[in-house]
Amino acid sequence: MRRSTAAAVGTLTGAALIVGVRLSVSAPVVPSAAPPVVDLANSGQDADPPPAASSGKKPSSKKPAAKPTEDTEGEAGGSGLKNGIFKGSAAKNPYGTIQVSIKVSGGKITAADATYPVTGDSATINPPAIASLKQSTVKAQSADVDAVSGATFTSESYVKSLQAAIDQATA
Amino acid sequence: MHHAEHVMGTVVSIDLADNLPQADLRAMIDDVCGWLHEVDRRFSTYRDDSEVCRLRRREIEVADCSADLRHVLEACADLWRETDGYFDAYAAGPLDPSGYVKGWSVEIASARLVEAGSVNHCVNAGGDIRARGLSASGAPWRVGIRHPWEADKLSWVLAVSDQAVATSGTYERGDHVVNPRTGEPARGLRSVTVVGPDLALADAYATAALAMGEAGIAWLAKLAADGYDSALVTDDGRAFSSAGLPAAV
């Protein structure tokens, strides 16, 4: 059962690393704090009241201890997962250190969270800082335009440019 | 009235759409061309007697420079910080503020036109555009963004009023843009266009993003909050655009 927990944490860590790499950017304007993606203390994914609450215990905290911890009661159900909050080992990648934690209740993973770097080049991988551009494929179109924006041409290459054709047509 | 002027190592196309006497429009174009040639004399890195070259040789100190050049130097320093060092007037070694000067000089040219009575014009300095008001057709200016592989095609068409459109790309002058952090030519992005209120800033942002490579995609996305939209094409032909890009219908 320990092994399966470790496997789950490992998979999440791997996923976080992929996310970290894919979203990495290089120029943070303002380092920002890293609110959790998933609220471990109050996960909405579990419809039933968590066993921890019914036993009068609360999960230790939103930010679990550095070592994997098992802070609530024992096995639940046949899944082999122990209830509690588990934190994976910190994984370093070129963009910073990412640490994943999961919450298990009722024998199921009910929440997952990852800490993100908050300073340096990687600060902007924090989800709130991610703004994205819409992706498509580049189009090649012809249209009637007043001016053409492009990489600066020289006086020599101007003659071959679309802008030169426009200038001639409107001269 | 339309005019194309060879200046600053490129060609500046000036389009005035105001219903004013021809003589007035002619005078405005002459004034703008005079200003652009003045900028070339004072800021060109190719003219030994320019203020920029004299500062490079330490014949004059920053304190002795004109107010215009001190403004340019300060703006370049601000942009260096704002772009995390990717816009760098010293990327190639000695001071070269050309990446800011062109857009700045066109902003001033446009302001001079407004002062002289032109509220509908479009100035295109070698691919970097400042537009105001409406075109002669009564609609916003239609600005095409050059396709990064097919010189006679467009990858986007924008409807632009009172905005600047700047494009930096690797297709026109080869490895002209370097990543100032590595000294290596910029890789990853083929063409970056930034649309926003100020041409000098739009141009600097486009150049910085190009230097960043693919990391520039997420960096550009954040500029939208400051009123700078963007459209870019990667080396492998993927296109990205921000939601506020003023695409023409």
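Here the structure is a predicted model, which means the values were calculated and not measured. Below, chain A is the first sequence line, B the second, and so on; all start at residue 1.
- D167(A) and A4(B) make their closest contact through OD2-CB, 3.8 Å (heavy atoms, listed as atom of the first residue, atom of the second, distance).
- Within residues 232-246 of chain B, the residues having any heavy atom less than 4.5 Å from a heavy atom of chain A are, in residue-number order, L232(B), V233(B), G237(B), R238(B), A239(B), F240(B), S241(B), S242(B).
- Contacts from residues 188-207 of chain B to chain A, taken as heavy-atom pairs separated by less than 4.5 Å, involve no residues at all.
- In this structure, the portion of A166(B) lying under 4.5 Å from any heavy atom of chain A is its backbone and not its side chain.
- Of the listed residues (A151(B), S13(B), A231(B)), the one with the most heavy-atom contacts under 4.5 Å to chain A is S13(B).
- Considering only heavy-atom pairs separated by less than 4.5 Å from chain B, the leading option among S155(A), S142(A), S149(A), G150(A) is S149(A).
- Here the shortest heavy-atom pairing between E172(B) and T152(A) reads CG-O, 3.1 Å.
- Scanning both residues, L133(A) and I217(B), for their nearest heavy atoms gives CD1-O, 3.7 Å.
- Of the inter-residue distances, the one linking L162(A) atom CG with R146(B) atom CZ reads 9.0 Å to the nearest 0.5 angstrom.
- Taking 4.5 Å as the heavy-atom cut-off, the residues of residues 119-139 of chain B that approach chain A are C122(B), N124(B), G126(B), G127(B), D128(B), I129(B), S135(B), ordered by number.
- At a 4.5 Å heavy-atom cutoff, the contact between Y158(A) and chain B is made by side-chain atoms alone.
- Shortest non-hydrogen contact noted between P140(B) and D146(A) is O-OD2, 4.3 Å.
- The salt bridge (charged side-chain N to carboxylate O under 4.0 Å, His left out) check on D40(B) picks up R47(B), with sequence neighbours excluded.
- Note that CD of E150(B) and NZ of K139(A) are 14.0 Å apart. Values are rounded to the nearest 0.5 Å.
- Both the backbone and the side chain of Q141(A) come within less than 4.5 Å of a heavy atom of chain B.
- In terms of non-hydrogen atom pairs under 4.5 Å with chain A, the most contact-rich of T10(B), V160(B), D152(B) is T10(B).
- With respect to chain A, the highest number of heavy-atom pairs below 4.5 Å among P148(B), A224(B), A221(B), A225(B) belongs to A221(B).
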